[in-house]
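One structure below.
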Amino acid sequence: MNFFEELKWRGMVHDYMPGTEEQLMKEMTTAYVGIDPTADSLHIGHLVSVMLLKHLQLAGHKPIVLVGGATGMIGDPSGKSEERNLLTADTIENNLQSIKKQLTRFLDFGNIPNQAEIVNNYDWMKQFSFLDFIRDVGKHISVNYMMAKDSVKKRLETGLSFTEFTYQLVQGYDFLHLYEHKNCKLQMGGSDQWGNIVTGTELIRRKANGEAFALTCPLITKSDGGKFGKTEKGNIWLDPAKTSPYEFYQFWLRVSDEDALKYLKIFTLLRPEVMEQLALEHHPAPHLRLLQKTLAKELTIMVHGEEQLQTAEDASQILFGAGTSETLAKLDEATFLSIFDGVPLFEVPKAVIEPGVNILELICTHSKVFPSKGEARRMLEGGGLSINKNKVASIDASINTSDLINQKYLLVQKGKKNYVLLKIV
RNA sequence: GGGGAGAUUCCAGAGCGGCCAAAUGGGGCAGACUGUAAAUCUGUUGUCUACGACUUCGGAGGUUCGAAUCCUCCUCUCCCCA
């Protein structure tokens with residue numbers, strides 16, 4: 001199976017320019033995707049682009065990651081309703097380094113013919129003067145052409161700044177630059193990038209008299225229409241300090257049946273036969289969540305490694321399996337701690353708990369499990385609060401040392417899925 | 001430059017002197033049902049020393065026993081005409 005076929009069966013092809021497939025068949029092709037260095041970690045939304053490159057490299061082509069140090073300072077108007085804050089060069093540099101580190105888990109930067117590369121468009125944009133830019137680049141693309149782009153049209157109503165309007169030219173120039181300096185003939189990205197990518201190919205044709213291609217993949221959606229990759233707590237990051245491996249694992253485990261297979265295709269490298277088999281087994285017994293478990297497992301290994309997966313699985317087993325207050329009580333401290341690594345933890349002084357303390361006081365005043373008592377009260381009254389896996393029945397309930405696990409811990413549960421650990425010190 | 005409309009709780013959007021912590025919808029959270037899915041139904045969605053109190057309706061003042069609601073000024077947004 002070649003690269004193109006691979007992407008197709010995985011449902012990762014949304015649109016491509018005529019000739020793209022032929023180009024990829026013809027020779028080792030260099031292709032790039034752009035990533036905005038808006039944070040010091042990638043999140044799972046970025047993973048699609050990364051997987052595109054992964055497949056590309058596996059098929060023998062050469063991947064380039066373009067970190068948008070320059071474009072990140074501007075902000076793409078696509079899909080945004082408002083102009084974004086500009087980042088400083090320092091922040092971007094810092095973010096870039098962290099991102100680069102994460103990418104090495106996916107792409108081979110080693111000394112091979114099709115080694116992955118990472119480039120920063122700030123490096124070539126920073127000395128480009130405004131005059132030079134409008135003369136050498138702006139001259140080749142008409143305003144009419146630029147205005148016709150969806151990303152621009154959508155913003156005409158609410159207004160967009162000249163800076164944002166220029167974005168597609170800057171991105172287009174990146175492509176031209178890579179075409180000229182790295183023989184890069186293909187740009188990939190999400191379908192929202194189509195317009196920007198095509199501006200690049202257009203620029204390459206007019207200015208370099210060359211031929212370049214575009215390939216986009218569908219934007220990842222959720223079957224219920226929500227935004228992919230977001231939870232109550234925000235983005236799912238690859239950085240374990242931002243999203244613990246446990247949370248990361250749980251995110252994928254909670255994917256709906258409808259989405260599970262789709263995500264498996266996009267985010268894992270499993271072969272079609274394997275997936276077919278999984279789907280077949282999943283169908284008669286959906287509650288076993290075979291697809292979700294496989295998805296969570298594959299991704300956690302890929303991003304965090306085997307060891308972290310083990311912990312995440314153990315923790316999930318305890319928290320969501322047949323776990324009861326008895327099983328909790330039986331855990332020794334080391335196991336207990338390793339399992340709850342990644343679950344938010346608050347410390348409470350021993351003096352508070354020794355005389356016995358009201359439950360609401362404990363979780364609102366002495367620790368910030370809930371931001372306000374009103375919220376905690378509501379949760380409790382609605383039957384959504386448990387301590388050590390036992391539902392708290394009344395707002396007058398009090399906690400004392402006999403409730404502690406290993407004489408030190410309390411497991412507070414908000415609803416079904418959210419756990420917080422209290423440590424008595 | 002001239003004329004008009006508006007700014008309300010997470011969002012959209014009612015309210016136009018006391019019955020307003022503020023309708024309704026969306027979203028969020030929780031409960032029930034389940035499979036840590038989906039759908040559905042129910043509850044909840046300012047804070048607290050909690051049948052009561054306190055702080056909210058762009059900002060600052062004022063009128064009034066009493067203001068999200070009336071007046072003045074300011075800031076910002078949108079629309080129309082030049």
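So you know, we letter chains A, B, ... as the sequences are listed, proteins then strands, and number each from 1.
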| message | Between B:A50 and B:G61, how far apart are the two C1' atoms, rounded to whole Å? | response | 34 Å
| Atom pair distance, as rounded to whole Å: CZ in A:F370 and C1' in B:C29 | 10 Å
| B:A12 pairs with which nucleotide, Watson-Crick or G-U wobble, both distances below 3.5 Å? | B:U24
| request: From the options B:A30, B:U34, B:U36, select the nucleotide whose nearest atom is closest to the side chain of A:M379. | output: B:A30
| field | B:C19 and B:C29, which share atom name P, separated by this distance in whole Å | value | 33 Å
| said: Suppose you measure atom C1' in B:U63 against the same atom in B:G13; what distance do you get, rounded to whole Å? | reply: 30 Å
| message | Rounding to an integer number of Å, can you tell me how far A:D396 CG sits from B:A50 P? | response | 12 Å
| remark: Taken to the nearest whole Å, CD1/A:I395 to P/B:U49 is 12 Å
| said: One character per nucleotide, please: for nucleotides 41-48 of chain B, 5' to 3', B when the base has a protein heavy atom closer than 4.0 Å, S when only the sugar-phosphate does, - otherwise. | reply: ---SS-SS
| query | Do the ring planes of A:F267 and A:Y263 sit parallel (below 30°), tilted (30 to 60°) or perpendicular (above 60°)? | reply | perpendicular
| field | Stretch residues 286-293 of chain A: residues that reach within less than 4.0 Å of RNA chain B through a heavy atom | value | A:P286, A:H287, A:R289, A:Q292
| said: When the C1' atoms of B:C57 and B:C70 are compared, how many Å lie between them, rounded to an integer? | reply: 16 Å
| task | Could you pull out all residues at least two apart from A:F370 that satisfy ring-ring contact (aromatic ring centres under 6.0 Å, His included)? | result | none
| message | For the P atoms, the ones on B:U24 and on B:U45, what distance do you get once it is rounded to whole angstrom? | response | 12 Å
| task | On RNA chain B, check which nucleotide each of A:H282 and A:L385 is closest to and give me the residue with the more 5' one. | result | A:L385
For residues 347-360 of chain A, which side-chain donor-acceptor pairs fall under 3.5 Å, sequence neighbours excluded?
unit_1 : atom_1 : unit_2 : atom_2 : d
A:N358 : OD1    : A:L360 : N      : 2.8
A:N358 : OD1    : A:E361 : N      : 3.2
A:N358 : ND2    : A:I395 : O      : 2.9

| Distance, C1' atom - from B:G6 to B:G43, rounded to whole angstrom | 36 Å
| C1' gap between B:G15 and B:G62, integer Å | 23 Å
| request: Sequence neighbours left out, what passes ring-ring contact (aromatic ring centres under 6.0 Å, His included) with A:F3? Give chain and number order. | output: none
| remark: Assert: residue with more 5' nearest nucleotide on RNA chain B, out of A:E258 and A:G384, is A:G384
| Does a nitrogen or oxygen in the side chain of A:N418 sit under 4.0 Å from OP1 or OP2 of B:C29? | no
| request: Between B:A68 and B:U64, how far apart are the C1' atoms? Round to whole Å, please. | output: 16 Å
| remark: Per atom distances to the A:R377 side chain, the nearest of B:A32, B:G35, B:A50 is B:A50
| query | From the list B:A37, B:A50, B:U36, which nucleotide is the closest neighbour of the side chain of A:L253? | reply | B:U36
| task | Rounded to the nearest angstrom, tell me the gap between atom NZ in A:K414 and atom C1' in B:U36. | result | 17 Å
| said: Nearest whole Å is fine: how far is B:A37 P from A:Y263 OH? | reply: 15 Å
| message | In this structure, how many angstroms lie between the C1' atom of B:A39 and the NZ atom of A:K222, rounded? | response | 15 Å
| said: For B:C41, give the paired nucleotide (Watson-Crick: N1-N3 plus N6-O4 or O6-N4; G-U: N1-O2 and O6-N3; both under 3.5 Å), or none. | reply: B:G31
| query | According to the Watson-Crick and G-U wobble definitions, with both distances under 3.5 Å, which nucleotide is paired to B:C70? | reply | B:G62
Which donor-acceptor pairs under 3.5 Å do side chains of residues 54-67 of chain A form with protein atoms, sequence neighbours excluded?
unit_1 : atom_1 : unit_2 : atom_2 : d
A:K54  : NZ     : A:F106 : O      : 3.0
A:Q57  : OE1    : A:D108 : N      : 2.9
A:Q57  : NE2    : A:D108 : O      : 2.9
A:Q57  : NE2    : A:N114 : O      : 3.0
A:H61  : ND1    : A:T29  : N      : 2.9
A:H61  : NE2    : A:L24  : O      : 3.4
A:K62  : NZ     : A:Q115 : O      : 2.8
A:K62  : NZ     : A:E117 : OE2    : 2.9

| task | Identify the nucleotide, in any strand shown, that forms a Watson-Crick or G-U wobble pair with B:U47, with both distances under 3.5 Å; if there is none, say none. | result | B:A53
| message | A:N120: which residues meet the side-chain hydrogen bond (donor to acceptor under 3.5 Å, both in side chains) condition with it, sequence neighbours left out? | response | none
| Taking the side chain as C-beta and beyond, is there a heavy-atom pair between A:E298 and A:L269 under 4.5 Å? | no
| remark: If pairing means Watson-Crick or G-U wobble with both distances under 3.5 Å, then the partner of B:A82 is none
| When the ring planes of A:H177 and A:Y173 are compared, do they come out parallel, tilted or perpendicular, using 30° and 60° as the limits? | tilted
Check: residues 137-148 of chain A side-chain donor-acceptor pairs under 3.5 Å, at least two apart:
unit_1 : atom_1 : unit_2 : atom_2 : d
A:H140 : NE2    : A:D136 : O      : 3.3
A:S142 : OG     : A:Y145 : N      : 3.0
A:Y145 : OH     : A:K149 : NZ     : 3.3

| field | Length of the CD-P vector between A:E381 and B:G31, whole Å | value | 14 Å
| Applying ring pair (Phe, Tyr, Trp, His ring centres under 6.0 Å), which residue pairs with at least one partner in residues 380-425 of chain A are found, sequence neighbours left out? | A:F320-A:Y419, A:F336-A:Y409
| N-O pairing of A:R289 and A:D257 below 4.0 Å | no
| Mate of B:U75 where both pairing distances stay under 3.5 Å, Watson-Crick or G-U | B:A7
| query | Between A:K417 and B:A37, is there a side-chain N or O to OP1/OP2 distance below 4.0 Å? | reply | yes
| message | Is it true that, when you exclude A:Q407 itself, more than 12 heavy atoms of the residues, nucleotides or ligands shown sit nearer than 6.0 Å to its CD? | response | no
| query | Which whole-number value in Å describes the distance from A:L380 CG to B:A50 P? | reply | 16 Å
